[in-house]
Amino acid sequence: MLSGARAKKRLKKRILLLLILLGFLLAWSVLTFLILYIQDTVVIGHYNGNLPKDKHNFTQVIGDGMDGHDALDVITMMRGLIDHQVYFSIEELDTNNYSPIDGWGEKGRSVTMNMTEEIESLKTFGINQFNLFVSDRVFVRRSLPDMRRRECRSIQYRVDLPSTSIIIVFHNEAFSTLLRSVNSIISRSPSHLLKEIIIVDDFSKRAFLRSPLEDELAVLSTRVPIKVIRSKERIGLIRARMIGANHASGDVLTFLDSHIECTEGWLEPMLARIKEDRKNVPCPIIDVINDNTFAYQKGIEQFRGGFNWNLQFRWYSMPSDMIHARVGDHTQPIQSPTMAGGLFSMDRRYFEELGAYDPGMDIWGGENLEMSFRIWQCGGRVEIVPCSHVGHIFRKSSPHDFPGRTSGSILNANLMRVAEVWMDEWKWLFYKTAPQALKMRDSIDVSERIELRKKLRCKSFK
Ligand code: UDP
Ligand code: MN
């Protein structure tokens, strides 16, 4: 048994130990708080929640001997800011910084930036919602690997394939991505199949998209006729494509986005499908050009287009019986309920007969489903041609402004037109998810498109 004095002494010792421990805890908490507080102050001090005004100071801060750890924090923070609305001066927007560096992005390889370059690149990312800094340093005639399966490479296509007009519409596209698109078309398509390239400028504001672009295109037009059409007002991609189609004279219309790259052998299998049947509407496999590194990555061949009841386009895996049926021959086209919209070919007269596009649709969105439903319901076929590979820069958010209205109201109005004209009683499933679109029903006139549907004797949505 312990005596009373010894027990007291031990208790005192325990209390002392506890106090020391508490002291440590307190000191640690205060220190952590201070560190966090200082970091926070730095962050808020640099940005003020407003990148545009501060971003020039910001470069200086990094130049002043920031270590790797700080720089990484900065990159993370700036990446976060990309998602926010960022304003650039007119001078910044008008500057063309295209100056390729030897080897960057060659063979479709990913570009690796050092820390300074990465930080630099994040400053202009918001202009196009892809890495403009990298794009401007990748040669506009860079090499790409042949993306086709071996079976595709040995196919002999018939000699009497139809010719095509290529139609590219753009709004404020980057100089380097637009020229890379055009160059890849010219260098990887048989010239006798290329009737012309028609470029429709949907009222872009960038100075470099005027005479500097025209000078470059003038050089390229010695190899294939190139027409540039400029809209005097913002008309949106749907009406811009219709203008392009009106100026086209090829047997086939091939629509492409303004930030794509065609790979070897992409065109022949598309045109061969239309030669087979003019009601086939072929789309290439859409490969991915990484929006940050510009790496050219192979797209997934097992996917085809679908949609959900919000009327959003979605990729879905092929049903298993379809996968099994293709085992013997992977070169066969894949029937697809819908198309992504940016890249496809269509017999020119068939495009007109089928009602081109719905001119009531504005700016962006929904036209791909409208076109897909119309094709299937009125006797045509949307398909993906696995031997044709075209890369596209997929973006995480849209760089476009939607003049006068919100992007949501424009998209809803477009989708309402799709639902009203083509979806019969299934439209209610859409309206259930989009009550805002339902509200527009009384004020939007779709009677002309309903007439078209009757005239073409199209089938029900079911
Ligand atoms: N575009 C256009 N006018 C617009 C919006 C888009 O001409 O008002 C062009 C754009 O430059 C691109 C194509 O339409 O070439 C498709 O747009 P985007 O690439 O933004 O759509 P996404 O591929 O992201 O669906
Ligand atoms: Mn695009």
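For reference, positions follow the sequence shown, starting with 1. Remember, it's 1-based here, ligands and their atoms both numbered in the order they're listed. Model, not experiment: these values are computed from the prediction.
- Side-chain atoms of N131 and N292 include a donor-acceptor pair closer than 3.5 Å.
- With hydrogens and angles left out, the side-chain atoms of W364 and S398 include no donor and acceptor closer than 3.5 Å.
- Geometric assessment of R348 against the ring of Y350 yields a negative cation-pi assignment under the 6.0 Å and 45° thresholds.
- Less than 4.0 angstrom separates some heavy atom of I363 from each of these atoms of ligand 1: 4 (C), 5 (C), 8 (O).
- For atom 16 (C) of ligand 1, the closest non-hydrogen atom of the protein is D257 OD1, 3.3 Å.
- Expressed to the nearest 0.5 Å, how far CG of N290 lies from OG of S110 amounts to 7.0 Å.
- Residue-to-ligand polar distances place H259 within reach of ligand 1: an N/O pair is separated by less than 3.5 Å.
- If you check which protein heavy atom lies closest to atom 1 (N) of ligand 1, you get L237 CB, 3.7 Å.
- Of all atoms in ligand 1, numbered sequentially from 1 with element shown, those under 4.0 Å from a heavy atom of H392 are 23 (O).
- Only the side chain of H400 comes within 4.0 Å of ligand 1, judged by heavy-atom distances.
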Carefully, step by step, assess R417 and D358 under the rule salt bridge (Lys or Arg N to Asp or Glu O under 4.0 Å).
CA-CA 9 Å; R417 300 182 70 88; D358 178 352; 2.8 Å; yes
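- For ligand 1, the atoms lying closer than 4.0 Å to a non-hydrogen atom of F170 are 7 (O), 11 (O).
- Of the protein's non-hydrogen atoms, R395 NH2, 3.5 Å is the one closest to atom 18 (P) of ligand 1.
- At least one heavy atom of G236 sits less than 4.0 Å from an atom of ligand 1.
- When D202, I238, D362 are checked for heavy-atom proximity to atom 4 (C) of ligand 1, D202 turns out nearest.
- Between F307 and F313, the distance separating the two ring centers is not shorter than 6.0 angstrom.
- Ranking the protein heavy atoms by distance from atom 11 (O) of ligand 1 puts H171 N, 3.1 Å first.
- Expressed to the nearest 10°, the angle at the Mn ion (ligand 2) joining OD2 in D257 with NE2 in H259 is 100°.
- Salt-bridge check for R234 with D401: passed, with a basic side-chain N closer than 4.0 Å to an acidic carboxylate O.
- Shortest non-hydrogen contact noted between N172 and L209 is CA-CD1, 3.9 Å.
- Considering backbone and side-chain N/O atoms, S258 comes within less than 3.5 Å of an N/O atom of ligand 1.
- Here is the list of ligand 1 atoms found below 4.0 Å of a heavy atom in R234: 4 (C), 8 (O).
- Inclusion of V169 in the set of residues having an N or O under 3.5 Å from an N or O of ligand 1 is warranted.
- Inter-residue side-chain proximity for L256 and I166 is flagged as met; some heavy-atom pair is nearer than 4.5 Å.
- Among the atoms of W364, some N or O lies under 3.5 angstrom from an N or O of ligand 1.
- Under the 4.0 Å criterion applied to side-chain N and carboxylate O atoms, D277 and K279 are not assigned as salt-bridge partners.
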